[in-house]
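Being a predicted model, the structure only gives us computed values, none of them experimental.
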Amino acid sequence: EIPTQIVKTIIYKAKLIQELNQDGTIDAIAYFESEYVDVAQPLKSILASQLAQIYKGYLDQQSWQIRQRTAIADEGENEDITASEKDIQQWSIEQFNNQIAELHLEAVSYAGLQKVDLSEYQYILNDAEGRTLRPTLYDLLLHRAIDYFSDTRSLIAEPIHLFHIDQIAYWAQAKAFSKMEISEAQENAYTYRAIKLFQDAVRYHLKSRNAPALVDLEVKRFKFLKQHSTLANNDDRYIKSLIALSDQYERKGGSEIALAEIARTYQREGQLIKSISLARKILKSHEGTHSAKIARNIIDQIERKDLTVEGEKVYLPEQYMLFKLNYQNTKKVFYKLIQLDEEQYELQRQGNNDELLVQLNAMEVFLQNELVLPDYKDYKNHSAEFGVPGVPLGRYVMMVSDDPSFEKNPDSGLGVVNFQVSQLGMWNRNTTEGKTSIVVVDRTSGVPLEGVEAVFSARDGRSNDWNEVG
């Protein structure tokens with residue numbers, strides 16, 4: 001049987017076991033290990049990596065229960081017992097992490113992986129640019145291992161400060177980093193293992209001359225250093241390292257990968273003008289690449305319009321009313337006020353958003369106007385208040401939009417707020433007898449009112465209708 005078909009069959013069968021069996025993941029692990037023992041390379045490396053992922057998935061799903069356990073010494077000390085012969089439902093988090101770590105390290109230990117073209121194993125590839133950024137089986141399995149050892153959740157069971165990333169040399173560009181001497185004093189530390197895997201991969205790709213794959217790897221290394229380095233000013237050092245990386249590979253290829261990460265970082269930091277400027281540069285110079293898709297998403301997110309309106313629940317009759325607009329990338333808004341009768345109010349309470357919008361746009365407008373908003377040209381969220389002349393007693397809806405038709409569409413913002421105009425106010429308290437005392441007052445003076453009739457209603461959980469009670 002063809003090796004790739006063997007792996008595909010094993011992976012597919014394991015997924016079926018996970019989905020169909022009551023203890024699916026445990027049974028899938030036992031099945032994987034039974035197949036894993038006797039297979040040859042490179043299948044053994046693939047299965048080791050897949051098995052590590054299944055263990056990790058089980059650990060994540062059952063983490064709360066597993067954290068309550070302590071290690072079972074006799075099983076953990078006997079290396080001749082396979083996981084399928086152990087009761088992993090009794091394992092501690094340390095035992096899971098040790099097993100996962102061993103499998104990931106074994107998965108990348110076979111030197112022949114660097115000669116295996118990943119195109120033969122596309123069905124286990126989850127990368128948008130597989131052939132470019134993960135050209136060999138070694139790349140795929142190595143990135144999986146790095147992801148595991150870099151994950152802060154994997155470090156929970158590790159002694160604090162077991163390995164320090166405390167030298168500026170770790171931030172060096174690829175060639176210098178590849179020659180760095182790294183102490184093996186704490187070789188069991190996950191951060192140490194991640195750094196060593198990064199170094200092995202950098203050395204390999206310096207020789208392979210696959211510039212995009214190397215740049216992608218370097219971006220990942222700098223992310224790791226930003227998170228785990230004990231030096232000060234890592235955020236600033238991260239950006240500077242990415243800029244140096246993009247400059248170095250501008251002619252060799254792959255610089256757009258670093259530029260896309262810089263643009264995303266600027267966006268996360270709120271430096272939106274810098275971010276969108278860089279994204280537009282990527283889109284123009286690197287059309288058709290995965291980085292161009294990232295740039296397009298950044299531009300769409302930054303240029304997205306947003307518009308909401310806030311107001312009081314109750315206003316006094318014929319008194320000036322103040323509303324608050326929250327807006328982004330909006331220069332001009334239109335607003336309209338609609339008065340609702342009781343029937344319209346009930347329909348409005350029960351309708352869904354789309355139905356409600358159609359109903360509201362079909363109603364008579366009580367008051368309308370438009371506003372020109374301050375344009376800060378920074379793509380950020382801003383707020384502004386606006387006043388509306390007082391209106392008579394009743395129920396109302398305030399609608400705001402940058403589209404005068406007030407239609408719902410992806411390219412416009414729309415905000416709606418309900419309010420009431422009333423002279424009445426109310427407060428309530430719980431009595432010592434376990435009852436609720438309600439007092440209705442004049443909203444202006446605060447004086448309690450006598451002879452007020454009240455109607456109480458509750459929403460039916462099944463029909464969603466409001467029904468009178470009491």
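- Formation of a donor-acceptor pair under 3.5 Å by the Thr230 side chain with backbone atoms of Ile165 is found in this model.
- Salt bridge annotation for Asp300-Arg296: present, with a cationic side-chain nitrogen under 4.0 angstrom from a carboxylate oxygen.
- Checked by atom type, the side-chain pair Lys281/His286 shows no donor-acceptor distance below 3.5 Å.
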- Item | Audit row: Asn326, Thr308, side chain to side chain donor-acceptor pair (under 3.5 Å) steps and yes/no | CA-CA 5 Å; Asn326 302 300; Thr308 60; 3.2 Å; yes
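- Expressed to the nearest 0.5 Å, how far CG of Leu225 lies from CD1 of Ile195 amounts to 5.0 Å.
- Residues Ser63 and Asp60 have side chains that never bring a donor and an acceptor to within less than 3.5 angstrom of each other.
- Taking every heavy atom of both residues into account, Leu414 and Met399 meet most closely at CD1-CE, 4.5 Å.
- Geometrically, Lys252 engages Tyr249 in a cation-pi contact defined by less than 6.0 Å to the ring centre and at most 45° from the axis.
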- Task: Show the numbers, then the answer: is there a side chain to side chain contact (heavy atoms under 4.5 Å, CB included) between Leu337 and Phe419?
- Result: CA-CA 10 Å; Leu337 204 59; Phe419 65 93; 3.5 Å; yes
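- Taking each heavy atom of Asn210 and Pro135 in turn, the nearest pair found is ND2-CG, 3.6 Å.
- The closest side-chain heavy-atom distance from Thr191 to Phe224 is below 4.5 Å.
- Among pairs with a residue in residues 266-276, those fulfilling salt bridge (Lys or Arg N to Asp or Glu O under 4.0 Å) read Glu261-Arg268, at least two apart in sequence or across chains.
- To the nearest 0.5 angstrom, Leu283 atom CG is 12.5 Å from Lys293 atom NZ.
- At a threshold of 4.0 Å, the pair Lys305-Asp411 does not count as salt-bridged, since none of the basic side-chain nitrogens sits closer than that to a carboxylate oxygen.
- Considering only heavy atoms from C-beta on, Leu325 comes within 4.5 Å of Leu371 through its side chain.
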Output side-chain donor-acceptor pairs under 3.5 Å for residues 168-182, partner residues at least two apart or in another chain, one line each.
| unit_1 | atom_1 | unit_2 | atom_2 | d |
| --- | --- | --- | --- | --- |
| Gln173 | NE2 | Ser241 | O | 3.3 |
| Ser178 | OG | Lys175 | O | 2.6 |

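- Relative to the ring axis of Tyr238, Lys223 does not place its NZ or CZ within 45° and under 6.0 Å from the centre.
- Residues Ser405 and Asp403 bring a donor and an acceptor atom of their side chains to less than 3.5 Å of each other.
- No side-chain N or O of Lys380 forms a donor-acceptor pair with one of Asn329 less than 3.5 Å apart.
- Panel note: side chain Asp139, backbone Thr136; a donor-acceptor pair is recorded below 3.5 Å.
- Residues Ile302 and Ser275 have side chains in contact (heavy-atom distance under 4.5 Å, counting atoms from C-beta outward).
- Using modelled atom types, one finds no donor on one side chain facing an acceptor on the other under 3.5 Å when comparing Ser150 with Asp147.
- For Arg193 against Ala101, the heavy-atom pair with the smallest separation is NH1-CB, 3.5 Å.
- Using a 4.5 Å heavy-atom cutoff, the side chains of Glu370 and Lys332 are in contact.
- Ile257 CD1 to His290 NE2: the interatomic distance, rounded to the nearest 0.5 Å, is 9.0 Å.
- Taking CG of Leu259 as the start and CD of Glu250 as the end, the distance is 8.0 Å to the nearest 0.5 Å.
- Donor-acceptor pairing under 3.5 Å is recorded for the side chains of Glu94 and Ser92.
- Put simply, the side chain of Met398 does not reach to within 4.5 Å of the side chain of Val416, judged on heavy atoms.
- The closest side-chain heavy-atom distance from Leu245 to Phe222 is below 4.5 Å.
- Side chain to side chain, Thr330 and Asp402 fail the donor-acceptor criterion of an N or O pair below 3.5 Å.
- Side chain of Asn409 to main chain of Ser412: a donor-acceptor pair is present (N/O by atom type, distance under 3.5 Å, no hydrogens or angles).
- Taking both residues in full, the closest heavy atoms of Phe149 and Ala194 are given as CB-CB, 3.9 Å, listed atom of the first, atom of the second, then distance.
- To the nearest 0.5 Å, atom NZ of residue Lys56 and atom CG of residue Leu51 are 14.0 Å apart.
- From Asp200, atom CG reaches atom NE2 of His205 across 11.5 Å, with rounding to the nearest 0.5 Å.
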- Query: Given the rule in the side chain to side chain contact (heavy atoms under 4.5 Å, CB included) test, do Arg221 and Phe198 qualify, once you have shown the distances and angles that lead to the verdict?
  - Reply: CA-CA 7 Å; Arg221 176 167 69 92; Phe198 273 120; 3.7 Å; yes
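- Listed here is the closest heavy atom pair of Ala28 and Ala14: CB-O, 3.7 Å.
- Judged by distance alone, with hydrogens and angles left aside, the side-chain atoms of Arg237 form a donor-acceptor pair with the main-chain N or O of Ala232 at under 3.5 Å.
- Between Val215 and Gly253, the shortest heavy-atom contact is CG2-O, 4.2 Å.
- A distance of 6.0 Å or more separates the ring centres of Tyr58 and Trp91.
- The ring-ring contact (aromatic ring centres under 6.0 Å, His included) check on Tyr335 picks up Phe386, with sequence neighbours excluded.
- Counting only heavy atoms from C-beta outward, the side chains of Phe334 and Gln368 never approach each other to under 4.5 Å.
- For the pair Ser229 (side chain) and Lys226 (backbone), a donor-acceptor distance under 3.5 Å is absent.
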- Message: Working note: Arg280 + Glu303, criterion salt bridge (Lys or Arg N to Asp or Glu O under 4.0 Å); need CA distance, chi angles, decisive distance, verdict.
- Response: CA-CA 12 Å; Arg280 286 169 177 160; Glu303 291 185 335; 2.7 Å; yes
- For side chain to side chain contact (heavy atoms under 4.5 Å, CB included), just list the numbers for Ile276 and Ile298, CA-CA rounded to whole Å, side-chain angles, deciding distance to a tenth of an Å, and then say yes or no. CA-CA 7 Å; Ile276 199 168; Ile298 290 172; 5.7 Å; no
- Verdict with supporting geometry, Leu231 and Asn234, side chain to side chain contact (heavy atoms under 4.5 Å, CB included): CA-CA 7 Å; Leu231 299 174; Asn234 282 328; 4.0 Å; yes
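- Checked by atom type and distance alone, the side chain of Ser49 never pairs as donor or acceptor with a backbone atom of Ser45 at under 3.5 Å.
- Looking only at atom types and distance, the side chain of Tyr190 has a donor-acceptor partner in the side chain of Tyr148 under 3.5 Å away.
- At least one side-chain heavy atom of Lys13 sits under 4.5 Å from a side-chain heavy atom of Tyr31.
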